[in-house]
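Here's the structure we're looking at; comments come further down.
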Amino acid sequence: MITLNVNGTNYQVNAGSDMPLLWVIRDILGLTGTKYGCGIEQCGACTVLVDGHPQKSCDMDATEAVGRKITTIEGLSATGTHPVQLAWIANQVPQCGYCQSGMILCVAAALARNPKAKATDITGELENICACGTYQRIRNAVKSITG
Amino acid sequence: MDNALLDARLTRRGFLRAGALVVGYATLGGVPHAIGTAEAAGSSALVNAWVRIGSDNSVAVLIGSAEMGQGVCTSLAQIVADELQADWTRVTFEFAPAAPAYANFVTHAQLTGGSMSVRGYYAGLRVAGAAAREMLKSAAALAWGVPASACTATNGTVTAIVGGVTKSMTYGALAPAAATLPVPASPPLTPDSALRFIGHSLPRLDLAAKTTGAAVFGIDVRVPGMAYAAIKHCPQLGGTLAVLPKKPSGATAIVGLDNAVAVVVEDTTWHAIQLARNLKPTWTIPSSVADLTTATIMTEAKSLMASATPAIAESVGNPAAAIAAAKLQLDATYDVPYLAHATLEPLNCTASVTRTSCEIWAPTQAAGIVAQTAATLTGLPLSAITVHTTFLGGGLGRKFEQDFIAQAIRVSQALMRPVKLTWSREEDFGNDQYRPMALARVQAGLDATGAVVGWRNRIVSPSILFQRGWVGPNDVDSQAVDGAIDLPYGFATRAVEYVRHTAEIPVGFWRSVGFSINTFVVESAIDELATLAGIDPLAFRQRLLANDARSLGVLNAAAALGGWNTPVPKGHARGIAFCEGFGSTVAQVIEIAGKAGSISVVRVSCAIDCGTVINPDTVAAQMEGGIVQGLGAALWGKMTFTNGVASPRNFNGYAMVRMRNMPQVAVTVLASGGFVGGVGEPGVPPVAPALANAYARLTGIRLRSLPMFTAPRSGD
Ligand code: FES
Ligand code: FES
């Protein structure tokens, strides 16, 4: 048994020692907003925040997350009104939506780290895959926040 | 964990919002439980299967198409809501169950493909919305003892002046009574001038769910008592299972499936994937597997090109003679590789089979076919089968197929309990139904004025339709020649020929299908002809399309947007391409920068005429997405095969366009009205040729083989 703090709640979970955080979040905690896309740190669909930093959860053992604060898309805002979420809707970013939890969390973390960050700094670091090709709208949404 | 909350999301309406409360819904016209009777009553009784009004005045529009990013859950809802005179702020959507009532009005099948959603549903959904509106008016008229003609429906409320007093009732209050009334067969439609939603960029209805993690994709489905399954296919395509391995320790069950083995566990998908990955089944590999090798397939394609007897797809006059007599001749051979779909959500399906029922939750483009698959596998009648279509994390044609659906049903059947089967990314890449490779030779002739006097195009490519038994071995595969025949260019003499390649790599429908191949060939060859004639590529096309105002309009709009006639910055070049398909016309100007072997895509300027536009912003989004997909394929996309083993198996070997590769994209949506054109696919085809044409202008090098470059390999 390990204890994980996810979105401010402590969960006792029985995860095998090498089970990636992604699958604990999805299948044991049932927080399915965090997605599986590749399992090898390539796509970023599985991104969560660990102590505020974007982390590809497919490549982090759940045991490594003990004692750290994990935030998933469900925990970014109780009402879905985080500025990044609002900007995403205002700019009509998502298509299929599958990549967007990861995209939103990456941008939210960058803004939290440096509220004065330039849009190009934020998007320059964004490596996640969007197979639907929403990159231009992501760029516009980020610009709408950074000004 | 709060299972009640999770499970609440599995109600049909609940796909929209976690924990949504379903209250007091009355259904106009009777769905879904009354579908059987509605069917018997004929098509007019079916129309109001589309509208569900809540006592809270919410209006849910049932969506017969799959939502895989293209925005149909909004655009189809707009059509119904407009005729219904609904209050848009109260409009939501539900995915329709699999049932004949929800079949596309044009294709008569409940499947999403061919950019047919708005095209197929538009006219029928307007009638459906209008019929529901008239029923609400009739219900009010009955309540007030006035004729229906005295009632007005506006923004979710019916009003009438009764005995000098203005009376009004909301749709929510009227819905239960309205639902009992007969469905009018030909209700009056709203005049175009009075439409409030159609033609407007209303915000998508699915984005709150898609920014909060609440949207339920197939892979997110959880049902009580569910087990988790993962799959290992025979690594060599065409191989079958010889000996089922022993159940690994920790597994609940192991199920043999023709060419694969499924491992079932109790706890997590990850656990199942680990066990499946480590299985060592014995496979039977057919001796022909050596033919499933990329180089062998290309050698065979060349030999078929040289000597096979083709099927004739289009023939006008004697192009061979015209080309022989022409002043200038082009003879160019192009090739494109197999491609993977690589939807970001891997294939998955949840099934629950009992002795008397079968329930399926799937990210499927073909709910209607899923029901049939289930009926065939279980022997149950269609009435015992329920299909829930979830959100799709991309479809692109792959989620039309039934392989992953059938596997989940069979595993659930073997265990007689609910099972969610998920493919790992590696299985997804390795067992796709790939976009076919193709080899195409264009021969064409120009007269002294630069007019095309003859055009021959011979296409060698595996047949998607033959592999499914839908056409004979010597037939033209219509999908394989889409984008090569019926060209708006109307060459004076022409012959388009098709030779079926017999390679047994499974092939399938990939966004824009034949157009993804043939538009590259045709529009590259047109550019080569323009160069040969010494005419500007835009002017060359303008001459060919001189009598086609619609095509010309699109071409000129793209050229203007892309600054075709403005000076090109040093080190940059522009290419143009055009495509008519899926009922729409699209042209793109692509500007690139760099040098031979190393370019960046700076700007893509795209014009589309899709006739009647429901939601201009979602049309623009589809162009943006199609362009990104087209760029990835043209620049790097390629699957290779060695003795039936597909490569690559994950995104580290299959380069996708990422933010750093993303050009500026500008889209002009021309709405010429009248017809309704498709938008999901036609954004893809012009990308590869516009890019190759730009590259030829930049470097003097004509790339006739895709992909244009070797994929950058990202570190694993
Ligand atoms: S699933 Fe973790 S990066 Fe793709
Ligand atoms: S919105 Fe579909 S993958 Fe990004």
Side-chain angles (χ1 to χ4, degrees), chain A residues 11 14-16 18-20 22-24 26-43 45 72-74 76-77 80 82 84-86 88-90 92-101 104 123-139, chain B residues 1-3 6 67-71 201 203-204 206-217 219-220 222 228 267-271 273 342-346 391-396 422 424-425 617-618 621 624-629 650-652 656-660 662 664-665 714 716:
Chain A
Y11 295 91
N14 196 351
D18 55 350
M19 188 182 291
L22 168 64
W23 297 105
V24 173
R26 284 184 56 79
D27 286 353
I28 299 180
L29 303 184
L31 295 169
T32 53
T34 307
K35 303 302 188 203
Y36 165 65
C38 68
I40 57 162
E41 275 194 289
Q42 280 290 316
C43 72
T72 70
I73 188 69
E74 292 90 343
L76 184 62
S77 146
H82 185 281
V84 177
Q85 289 168 319
L86 293 179
W88 249 236
I89 291 174
Q92 296 284 292
V93 172
Q95 289 191 22
C96 84
Y98 198 76
C99 69
Q100 300 295 348
S101 303
I104 290 168
T123 55
E125 282 179 16
L126 209 48
E127 281 288 302
N128 295 4
I129 292 173
C130 174
C132 295
T134 62
Y135 301 109
Q136 172 150 296
R137 286 172 188 242
I138 291 175
R139 227 154 37 192
Chain B
M1 190 58 220
D2 184 355
N3 275 324
L6 289 168
E67 175 59 68
M68 42 195 176
Q70 77 282 43
S201 293
R204 290 176 59 138
D206 54 346
L207 298 198
K210 287 179 175 178
T211 50
T212 55
V216 177
F217 297 83
I219 203 167
D220 303 329
R222 292 158 67 88
Y228 297 82
D267 57 351
T268 62
T269 293
W270 181 77
H271 187 195
I273 289 176
T343 61
L344 203 54
E345 178 196 24
F391 279 115
L392 281 67
L396 308 175
T422 305
S424 67
R425 175 57 61 195
D617 190 54
T618 60
E624 294 160 18
I627 287 162
V628 169
Q629 179 140 30
N650 208 322
F651 290 116
N652 52 356
M656 305 283 285
V657 170
R658 300 190 191 230
M659 184 63 90
R660 64 172 172 274
M662 184 67 194
Q664 286 297 324
V665 175
S714 26
D716 328 4

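Treat the numbers as computed from the prediction; the structure is a model and nothing was measured. Quick note on labels: first sequence line is chain A, next is B, and so on, each numbered from 1.
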Quick one: does any side-chain atom of B:R425 pair with a main-chain N or O of A:G37 as donor and acceptor, under 3.5 Å? yes

Main-chain N/O of B:T211 paired to A:Q85 side chain as donor or acceptor, under 3.5 Å: yes

Ranking A:C43, A:C96, A:A45 by heavy-atom pairs under 4.5 Å to chain B gives rank one to A:C96

Give a yes or no answer on whether the side chain of B:R204 reaches the backbone of A:Q95 with a donor-acceptor pair at less than 3.5 Å. yes

Heaviest contributor of heavy-atom pairs below 4.5 Å to chain A, chosen from B:L392, B:V628, B:I219, is B:I219

Which atoms of B:Q664 approach chain A - backbone, side chain, both or neither, heavy atom under 4.5 Å: both

Heavy-atom closest pair (A:Q92 atom, B:D617 atom, distance to 0.1 Å) is CB-OD2, 3.6 Å

Using non-hydrogen atoms and a 4.5 Å limit, figure out which bit of B:S424 sits close to chain A: side chain, backbone, both or neither. both

Pick from B:E624, B:Q70, B:H271 with the largest number of heavy-atom pairs that fall under 4.5 Å of chain A: B:E624

Pick whichever of A:G80, A:G39, A:G124, A:C38 has the most heavy-atom pairs under 4.5 Å with chain B. A:C38

Please look at A:T123 and chain B and tell me whether the side chain, the backbone, both or neither of the residue comes under 4.5 angstrom of a heavy atom of that chain. both

With respect to chain B, which residue among A:A90, A:P20, A:S77, A:A15 yields the maximal number of heavy-atom pairs within a distance under 4.5 Å? A:P20

Taking the side chain as everything from C-beta on, heavy atoms only, tell me whether A:V93 gets closer than 4.5 Å to B:K210. no

Contact origin within B:M68 toward chain A - heavy atom pairs under 4.5 Å: backbone

Region of B:A621 in contact with chain A, defined by heavy-atom distances below 4.5 Å: both

Please report the interatomic distance CZ(A:R26) to OG1(B:T269), rounded to the nearest 0.5 Å. 7.0 Å

Flag side-chain contact, heavy atom, 4.5 Å: B:T212 against A:W88: no

Which atoms of A:L76 are under 4.5 Å from chain B, going by heavy atoms: the side chain, the backbone, both sets, or neither? neither

At what distance, to the nearest 0.5 angstrom, does CD of B:Q629 lie from SG of A:C132? 8.5 Å

In terms of heavy-atom proximity below 4.5 Å to chain B, should A:V24 be classed as side chain, backbone, both, or neither? neither

Looking only at heavy atoms, the pair that brings A:Q42 and B:F651 closest together is OE1-O, 3.6 Å

Which pair of non-hydrogen atoms, one from B:A208 and one from A:I89, has the smallest distance, and what is that distance? CA-CD1, 4.1 Å

So does B:M662 get a backbone contact from the side chain of A:R139, meaning a donor-acceptor N/O pair under 3.5 Å? yes

